[in-house]
Amino acid sequence: FASKKTIDDSLIDEIEEVLFTADIGVKTADRLLNSVREAVDAKSLSDPKEVWKTLRSEARAILDGATDTRGTLPKEGEPKVIMVLGVNGTGKTTSIGKLAHRFVNEGHTVQLVAGDTFRAAAAEQLEHWGRRVGAKTVRGKEGADPASVVFDGVESAVVEKADIVLVDTAGRLHTQKNLMEELKKVRRVMGRAIDGAPHEVLMVLDATTGQNAIQQATMFNEATDVTGIILTKLDGTAKGGVVLGVCDALHIPIRYIGIGERVADLKDFDGAEFVEALFA
Amino acid sequence: TLYRGFKSAKTKLTGKTTLDETQIKEALRDVRLSLLEADVEFSVVKTFLKNVQEKAVGELVTTTIKHKGEKKKVSPADHFINICHDELAALMGPVDTSINFKKGSGITTIMMVGLQGAGKTTTTGKIANKLKAEGHKPLLVAADIYRPAAIDQLQVLGRQLNIPVFTIPNVAPPDLCEAALREARFDKHDVVIFDTAGRLTVDEALMGELSDIKDRARPDNIFLVLDAMTGQDAVTTAKSFDQRLDLTGCILTKLDGDARGGAALSVKAVTGKPIKFLGVGEQLDKLEEFRPEGLAGRILG
Ligand SMILES: Nc1nc2c(ncn2[C@@H]2O[C@H](COP(=O)(O)OP(=O)(O)OP(=O)(O)O)[C@@H](O)[C@H]2O)c(=O)[nH]1
Ligand SMILES: Nc1nc2c(ncn2[C@@H]2O[C@H](COP(=O)(O)OP(=O)(O)OP(=O)(O)O)[C@@H](O)[C@H]2O)c(=O)[nH]1
Ligand SMILES: [Mg+2]
Ligand SMILES: [Mg+2]
């Protein structure tokens, strides 16, 4: 490219190292570098500070391009139903506990549905959170059919006058066809219990995940129309840069971030803060 | 996808009767993209490419090449592919899937460590399952006293396997692990597996707790359990656990998915410790011994 004179190779190397070690990935790193080259050509930038500034604003633009108009509103007097899904161990059950805590503090009546009927002590784990935050937990027996537990759980929320229902699902790999079919069935069944449910489908993504996150988001979105992402474990050393690729490809907004294991460790996603930390 | 790096490198080289340095460099650019997409850590990729380049430039100027000790007429493209595969497998080896057992009648101890959600508790069950089938009498220790229902989870697994789980309410993990050894001696268990809580490497207190458990229980094996979908952070994490504890090996989980698994290469490269086992499913029989060739092919793509 013609601007070899204005950004030198060592700056490109430096930029690549920052991008790749933050899990930004080949495709997105290329896109960011190309926009930097265009900006350099257009304004003949030669000051590295300006180059980094351009990178940050381009990364910001990718995040802002994730439209926030997903999700629907419940009918008057009906509970809002939020489905939580994602691959194994990302922090779904814990994030539900944190969300429930926030909603209870905002004055809502929250009901938790233990839709993970497979994993050892999954319902016990959710019940613990329910007790902890002041939300009722509906569960079935271990090994019960998840769709019927979820149907009963969502339906009973109307009777219990809960205005927010959080549905936990078992972790699963997006490559497991039968489990992805099960997830679709669980989603359908919610709509039968309450017309229009789920109003939100939140996919939980672990910030330590590499490029596989893009395939995860693609497949879960295809199966269930994901309305938002919760990015967990940002209190660790991983930067979570892969979400740039996810937003760029699917335009799904990052809703919340998990920054710890305690009940209050959930924050609204802040694009500016995130990009700052990414390039720190 | 834009970059099918390794396949693209193969396609570009096919049909060539010799390869010059420029062509090798170009092929290596494709390999680089493939490895980065596979989550191999940035500096590990650099080292790998340098090694392959030296070998390739040295060996690819003739069309009769010694591969694996026998003279063969191999196309330069195939030979380049072989060098990449061999170099990757070499970086992940030598293979050592052994568990360190105490000589004689001592109690063999295994400590499971790693980040939150990596699969430690499930893998504890899998190892116990394997050892029981091999004639051992394992005891599981619920040393995660923090995570809601962690003890319940291990107890459920213990019931499924008909293997006892040791737990005492309100006892700190280092004391608990020491008490477990007394229980093991009393009840004639020959293997004890400590399932610890997930933790961040930047959590000084919890990393210190692991050092305390190690001091008190003197484990014969310390396995880092790492999720196969881990990205660049694999190096930071592995380095930190290894520097703190001197790991004896690593177990990569959730390989039944489609993560390329580059974290495996990163972990081996930065700690030098062997990859022992692979978790390939949620059920307790889904544990395999590590073999470099399979993972090498998956990482290269
Ligand atoms: N440090 C940190 N740990 C977290 C965070 N969110 C969850 N965790 C931990 O991650 C581990 C897994 O959390 P779970 O809530 O059980 O994850 P899950 O997705 O429900 O797991 P499965 O149901 O088995 O698929 C637990 O040890 C949590 O305490 C976070 O934001 N930061
Ligand atoms: N598909 C698949 N899932 C796995 C594998 N190993 C573990 N899991 C799942 O990953 C999730 C987390 O496993 P755990 O054993 O609870 O992980 P952990 O490291 O003990 O988690 P913490 O104690 O919270 O740090 C569960 O849903 C397991 O079933 C594997 O090899 N393949
Ligand atoms: Mg869960
Ligand atoms: Mg555990």
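Below, chains carry the letters A, B, ... as their sequence lines are ordered, and counting in each starts from 1. Bear in mind that the values here come from a model prediction, so they are computed numbers and not experimental data.
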Quiz item: How long is the gap from CG on Asn88(A) to CG on Asp227(B), to the nearest 0.5 Å?
Solution: 8.5 Å
Quiz prompt | Positions in residues 161-168 of chain B that reach chain A, provided some heavy atom is under 4.5 Å away | solution = none
Quiz prompt | Gln211(A) side chain reached by Gln232(B) side chain, heavy atoms, under 4.5 Å | solution = no
Practice problem: Would you indicate whether Lys184(A), at its atom NZ, is surrounded by more than 12 heavy atoms from other residues, nucleotides or ligands within a distance under 6.0 Å? | Solution: yes
Quiz item: Which bit of Leu115(B) is near chain A, if near means a heavy-atom gap under 4.5 Å: side chain, backbone, both or neither?
Solution: side chain
Quiz item: Is chain B contacted by the side chain of Gln215(A), its backbone, both, or neither, given a heavy-atom distance below 4.5 Å?
Solution: side chain
Quiz item: Given that the side chain runs from C-beta out, which part of Arg119(A) has a heavy atom under 4.5 Å from chain B: side chain, backbone, both or neither?
Solution: side chain
Quiz item: If you look at every heavy atom in Asp233(B) and Asp23(A), which pair is closest and at what distance?
Solution: N-OD2, 4.4 Å
Quiz item: Is there side-chain contact between Glu124(A) and Gln153(B), with heavy atoms separated by less than 4.5 Å?
Solution: no
Quiz item: Heavy-atom distance under 4.5 Å to chain B: side chain of Val87(A), backbone, both or neither?
Solution: side chain
Quiz item: Got Glu142(A) and Val156(B) here, is their nearest side-chain heavy-atom distance under 4.5 Å?
Solution: yes
Quiz item: Would the number of heavy atoms belonging to other residues, nucleotides or ligands and lying under 6.0 Å from NZ of Lys239(B) be above 12?
Solution: no
Quiz item: So, for Thr175(A) and Asp256(B), which heavy atoms are closest and what is the spacing to 0.1 Å?
Solution: OG1-O, 3.7 Å
Quiz item: Distance only, no hydrogens: is a donor on one side chain within 3.5 Å (strictly under) of an acceptor on the other, for Asn212(A) and Asp39(B)?
Solution: no
Quiz item: Is Glu282(B) close to Phe118(A) at the side-chain level, that is, under 4.5 Å between some pair of heavy atoms?
Solution: yes
Quiz item: Would Glu261(A) and Arg199(B) pass as an ion pair if we require N to O under 4.0 Å?
Solution: no
Quiz item: Using non-hydrogen atoms only, which part of Asp203(B) is less than 4.5 Å away from chain A: side chain, backbone, both, or neither?
Solution: neither
Self-check item: Heavy-atom pair count under 4.5 Å with chain B, highest-scoring of Gly97(A), Gly241(A), Gly210(A)
Solution: Gly210(A)
Practice problem: Identify which one of Thr237(A), Thr208(A), Thr21(A) satisfies the side chain to side chain contact (heavy atoms under 4.5 Å, CB included) criterion when paired with Thr236(B). | Solution: Thr237(A)
Exercise. Return the option, out of Lys254(B), Gln116(B), Gln155(B), with the maximum number of heavy-atom pairs under 4.5 Å with chain A.
Key: Gln116(B)
Self-check item: Spatial distance of atom OG1 (Thr94(A)) from atom CZ (Arg147(B)) [nearest 0.5 Å]
Solution: 6.5 Å
Quiz item: Non-hydrogen atoms of chain B under 4.5 Å away: do they reach the side chain of Glu16(A), the backbone, both or neither?
Solution: both
